[in-house]
Engineer: 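Below is the structure I would like to discuss, written out as structure tokens.
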Amino acid sequence: MNMVTPFKAVALGAALALGIGGAAGAKEFRLGLITPPPHIWTQAAEAFGADLAEATDGAHSVQVFPARQLGNEAQMLQQLQTGALDMAFLTIAEVSNRVPEFGALYAPYLANDIAHAGRILRDERTQGMLDPLPQEVGVVGLGFGMAGLRQIVSRGEIETAEDLAGLKLRITPFEPIRDFYNAVGAAPTPMPLPDVYDALANGQVDAIDMDAELIWILKYYEHADVVINSDHMMFPMVGLVSARVWSQLSEEERATIAELMARHIDGTIDSYIAKDEEWLAQVEGTGKPFMEVGPDFFGEAISEWEAIWGPKSGTLDMLREVAADTAE
Ligand code: BEZ
């Protein structure tokens, strides 16, 4: 059922009052993601598009391109910079490769649990990290979402972090996570999401760094000897609009897009808070060996990571303060 929620009614009212919706400025925005169609991020993108169409009386719409149809995240970020792509929901991996300040969002054990991760990402000091993006990267950041906390799935038995030493361990291609697993002593192996299932199944990698949703839904655990519930890192997402495209929009269009996109990105945080622990419980319920570990498991690797990323990012102290203020 297509319900008009109070929020939609306000957005629709605002849009009509501001004159958005005339056919003259009609535009179909293209929004890219790397996640597959059933993924929470892709669903949020579709819902954002539906709300934008409703709020603008059909004048503006969003065509969603999931599953890397428009390229990988580096390519999509380039397209956003030139204006060839209008919008994207991206991991902050590629952004952190270009803006080291974002690397601190991957600080090991910044968040105590999934709800705490949500509070950190929603804090206005964290959201303020998006402000320099138009000047530094040529994109406008409209809010943070997330994909839960990171876990490890291993084909070989693991009892201590020393057992990870030398293992080819799949990572999302970005520097902060590479530095973490280098500090652990593993052999971090950058690999985009669509390649992970086969690589784990055929033994091309020994282990993977992954989130609970995909471990459960894509059944990565089936090819593992142990699932390590470590919750060692947040995995933020960011909603981006090309700064070039943004500059061509009216104030009213920007306000409507900003409000609706932020709403749906933020909604992904609620989804992971509601489901992350449930997915992990389901994995554990399969009887697959399942270990719960905390920061002690990783020993010195955490301080080694901080020694690199504290000076490099310049935002780690601020985020630690946010984490302390939002801890329960
Ligand atoms: C990954 O690279 O592990 C990943 C990317 C996007 C969403 C979830 C996971």
Side-chain angles (χ1 to χ4, degrees), residues 31-46 64-77 87-97 102-103 105-106 108 111 114 117-118 121 143-154 168-181 186 188-201 204-221 223-224 227-240 264-269 271-273 275-276 279-280 283:
L31 189 157
L33 316 95
I34 61 167
T35 49
H39 192 269
I40 285 172
W41 294 4
T42 315
Q43 289 176 13
E46 295 284 5
V64 175
F65 295 87
R68 291 206 305 175
Q69 284 176 36
L70 301 180
N72 62 29
E73 291 201 333
Q75 291 162 332
M76 282 194 273
L77 198 51
M87 301 170 170
F89 288 0
L90 301 184
T91 71
I92 59 160
E94 195 52 39
V95 178
S96 72
N97 285 341
F102 277 68
L105 287 162
Y106 293 114
I114 187 79
L121 291 171
F144 286 115
M146 72 156 138
L149 300 174
R150 300 307 278 185
Q151 323 295 340
I152 301 170
V153 173
S154 168
K168 283 188 80 178
L169 194 153
R170 177 270 167 176
I171 57 164
T172 313
F174 63 97
E175 292 170 16
I177 201 161
R178 180 205 61 196
D179 290 342
F180 177 67
Y181 282 111
T189 307
M191 185 176 288
L193 190 57
D195 299 345
V196 175
Y197 188 89
D198 286 347
L200 186 67
Q204 190 188 335
V205 291
D206 305 307
I208 61 170
D209 180 279
M210 189 49 66
D211 61 68
E213 177 186 19
L214 297 179
I215 293 170
W216 173 244
I217 290 172
L218 298 185
K219 300 192 188 309
Y220 291 130
Y221 66 87
H223 299 286
V227 175
I228 305 173
N229 174 198
S230 49
D231 288 346
H232 56 273
M233 220 173 248
M234 305 196 298
F235 202 72
M237 176 261 267
V238 64
L240 299 173
H264 285 285
I265 293 168
D266 186 77
T268 67
I269 295 178
S271 299
Y272 287 95
I273 291 173
K275 292 186 179 160
D276 225 45
W279 287 316
L280 288 167
V283 173

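Hydrogens, waters and symmetry mates are skipped; everything else that's a heavy atom, side chains included, is used. In each ligand, atom 1 is the first atom listed, and ligand 1 is the first ligand listed.
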Engineer: Can you say whether the rings of Phe102 and Phe144 are parallel (under 30°), tilted (30 to 60°) or perpendicular (over 60°)?
Structural biologist: tilted
Engineer: Can you pull the residues with any heavy atom under 4.0 Å from ligand 1?
Structural biologist: Ile34, Thr35, Trp41, Thr91, Arg150, Arg170, Thr172, Leu193, Met210, Asp211, Leu214, Phe235
Engineer: Considering residues at least two apart in sequence or located in another chain, which fulfil the ring-ring contact (aromatic ring centres under 6.0 Å, His included) criterion with Tyr221?
Structural biologist: Trp216
Engineer: Test of understanding: with ring-ring contact (aromatic ring centres under 6.0 Å, His included), list the residues that count as partners of Phe89, not counting sequence neighbours.
Structural biologist: none
Engineer: Parallel, tilted or perpendicular: which one describes the rings of His232 and Phe180, with boundaries at 30° and 60°?
Structural biologist: parallel
Engineer: Between Gln151 and Asp211, do the side chains contain an N or O donor and an N or O acceptor separated by less than 3.5 Å?
Structural biologist: no
Engineer: So, using ring-ring contact (aromatic ring centres under 6.0 Å, His included) as the criterion, who are the partners of Tyr106 when residues are at least two apart?
Structural biologist: Phe174
